[in-house]
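The basis for the numbers below is simple: all heavy atoms, side chains too, and nothing from hydrogens, waters or symmetry mates.
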Amino acid sequence: MLTQVIGIDLGGTAIKLGRFTSDGSCLKSLTVVTPQPATPEAVMGVIVDAIKEVDPEGSAVAIGVGTPGPADAAGRVAKIAINLPQWWNIPVADILSAKIGKPTIIDNDANCAGLGEAWLGAGRFYKNFILLTLGTGVGGAIFIDGKLFTGRFGSAGELGLINLIPDGPQCKSGNQGSLEQHTSVIAIRRRTGKEPSELGALAEKGDAKALEFWQEYGKYLGIGVTSLLYVLTPEAVVIGGGVSASFEFFLPSMKTEIEQRVMPTSRENLRIIRAQLGNRAGMLGAAKLALEKFFEDGNGE
């Protein structure tokens with residue numbers, strides 16, 4: 001019988017859970033609303049109840065959680081969750097292990113999305129790639145030689161927080177003019193007063209202003225990715241998150257910017273592709289995180 005684990009994608013507005021087998025099959029999934037205010041106590045209570053619903057017989061043997069912010073290197077503590085109140089150094093893994101009685105590990109939600117795409121999505125064909133998640137914020141994940149790179153403290157790969165325009169809008173990270181402040185959903189709303197889905201629908205109809213917006217959007221994204229290409233020289237850049245629904249409209253200007261700014265030696269055979277798993281990537285990757293930690297490496301708690 002295949003090992004079963006639970007993957008959880010904790011977001012500011014919704015929490016997605018799934019019970020998965022070790023081959024990536026989803027046996028049952030559930031989406032619940034993130035309580036507001038999203039205090040640690042309220043959120044953990046909702047997650048515990050949801051786990052019991054998605055796994056009523058207790059068949060899963062471990063839990064993986066993606067949180068909206070960096071985790072510590074051991075995968076135990078949510079160090080910061082910028083869009084959740086009071087989320088500073090919350091021992092998420094210990095809390096869930098105590099309440100559910102199963103070993104638990106956590107990581108940044110974008111890292112989990114990257115693990116999902118590397119396992120069963122657009123990244124499975126590449127050993128060296130980066131993922132950008134274009135959503136409410138902009139997250140990232142880095143894969144080097146087939147392994148997720150998280151750095152010395154577990155918080156590497158915050159690709160959306162790299163500097164783009166030094167005197168741009170203030171970022172919650174403390175940076176100013178970060179990539180996130182020009183390419184996130186919040187940035188799109190600030191600039192246009194519209195949702196990305198609206199702008200995508202308008203572009204589909206050939207609306208000139210919407211098409212112009214996506215062209216400029218691709219330019220900013222391309223400039224940001226330029227820095228990452230020079231440092232990492234990946235085989236592929238995978239674009240995920242809700243904004244990726246308009247991938248076809250911003251890809252041309254993004255590619256043009258990269259071709260103008262990056263030497264051929266740093267972008268040879270580079271692929272820029274859309275993520276494949278949609279909003280399942282985070283919980284699938286969180287399940288993979290648990291499998292890798294507690295079973296595939298022969299470790300346990």
Side-chain angles (χ1 to χ4, degrees), residues 5-20 26 28-55 60 62-72 74-100 102-117 131 133-141 148 150 154-155 157-158 160 172 184-186 240-242 277-291 293:
V5 295
I6 292 171
I8 302 173
D9 182 9
L10 168 59
T13 57
I15 304 168
K16 306 179 191 72
L17 303 90
R19 178 161 51 95
F20 296 89
C26 184
K28 187 173 183 179
S29 63
L30 176 68
T31 299
V32 295
V33 175
T34 304
Q36 301 299 329
T39 61
E41 295 78 9
V43 169
M44 298 308 292
V46 167
I47 288 177
V48 167
D49 291 342
I51 289 173
K52 292 175 181 176
E53 188 171 344
V54 85
D55 186 24
I63 301 169
V65 186
T67 63
D72 69 326
R76 313 298 303 167
V77 178
K79 291 159 69 173
I80 304 169
I82 294 175
N83 294 315
L84 299 177
Q86 303 175 32
W87 279 73
W88 293 85
N89 297 317
I90 305 301
V92 173
D94 290 341
I95 292 171
L96 285 182
S97 292
K99 290 182 177 294
I100 303 296
K102 300 181 191 295
T104 303
I105 186 169
I106 73 170
D107 203 341
N108 174 278
D109 53 1
N111 284 344
C112 287
L115 283 169
E117 291 290 342
L131 169 76
T133 57
L134 308 174
T136 304
V138 174
L148 176 67
T150 57
S155 55
E158 291 287 352
K172 287 183 179 179
S184 67
V185 170
I186 291 174
L277 299 178
N279 62 10
R280 297 186 299 121
M283 60 179 181
L284 182 66
K288 181 64 170 175
L289 182 72
L291 286 167
K293 171 65 176 177

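Among all heavy-atom pairs drawn from Glu117 and Gly278, the shortest one is OE2-N, 4.4 Å. The two residues Gly116 and Leu277 have their closest heavy-atom pair at O-CD1, 3.2 Å. Asn108 approaches Pro70 most closely through the heavy-atom pair ND2-N, 4.0 Å. Closest heavy-atom contact between Cys112 and Gly282: CB-O, 3.6 Å. Annotation for Asn279 and Lys16: closest pair O-CD, 3.5 Å, computed over non-hydrogen atoms. Heavy-atom minimum distance, Asp109 versus Gly69: OD1-N, 4.4 Å.
Put simply, the side chain of Val92 does not reach to within 4.5 Å of the side chain of Leu10, judged on heavy atoms. For the pair Ile90 and Ile95, the minimum side-chain heavy-atom distance is below 4.5 Å. Contact check for Phe20 versus Lys288: no side-chain heavy atoms found under the 4.5 Å cut-off. Inter-residue side-chain proximity for Ile51 and Leu17 is flagged as met; some heavy-atom pair is nearer than 4.5 Å. Side-chain contact check for Ile80 versus Trp87: every heavy-atom pair is 4.5 Å or farther apart.
For the atom pair CG of Leu96 and CD1 of Ile106, the computed distance is 9.0 Å after rounding to the nearest 0.5 Å. Asp55 contributes atom CG, which lies 9.0 Å from atom CD1 of Ile100 (distance to the nearest 0.5 angstrom). Residue Thr104 holds its OG1 atom at 11.5 Å from NZ of Lys293, rounded to the nearest 0.5 Å. We find the CD-CG distance between Glu158 and Asn111 to be 8.0 Å, quoted to the nearest 0.5 Å. Asp9 CG to Ser29 OG: the interatomic distance, rounded to the nearest 0.5 Å, is 12.0 Å. Here the straight-line distance linking atom CG of Leu131 with atom CG of Leu115 works out to 10.0 Å at 0.5 Å rounding.
The backbone N or O of Val54 sits less than 3.5 Å from a side-chain atom of Arg19, completing a donor-acceptor pair. Judged by distance alone, with hydrogens and angles left aside, the side-chain atoms of Ser184 form no donor-acceptor pair with the main-chain N or O of Gly135 at under 3.5 Å. Using modelled atom types, no side-chain atom of Thr133 and backbone atom of Ala110 make a donor-acceptor pair closer than 3.5 Å.
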* To do: Show the numbers, then the answer: is there a side-chain contact (heavy atoms from CB on, under 4.5 Å) between Thr67 and Leu84?
  => CA-CA 10 Å; Thr67 63; Leu84 299 177; over 6 Å; no
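Annotation: Lys99, atom NZ; neighbour count of heavy atoms from other residues, nucleotides and ligands within 6.0 Å does not exceed 12.
For Asp72, there are no salt bridge (Lys or Arg N to Asp or Glu O under 4.0 Å) partners two or more places apart in sequence or in a different chain.
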Show me the side-chain donor-acceptor pairs of residues 36-46 shorter than 3.5 Å, one per line, residues at least two apart or across chains.
{"residue": "Gln36", "atom": "NE2", "partner": "Gly12", "partner atom": "O", "Å": "3.0"}
{"residue": "Gln36", "atom": "NE2", "partner": "Thr34", "partner atom": "O", "Å": "3.3"}
{"residue": "Thr39", "atom": "OG1", "partner": "Ala42", "partner atom": "N", "Å": "3.3"}

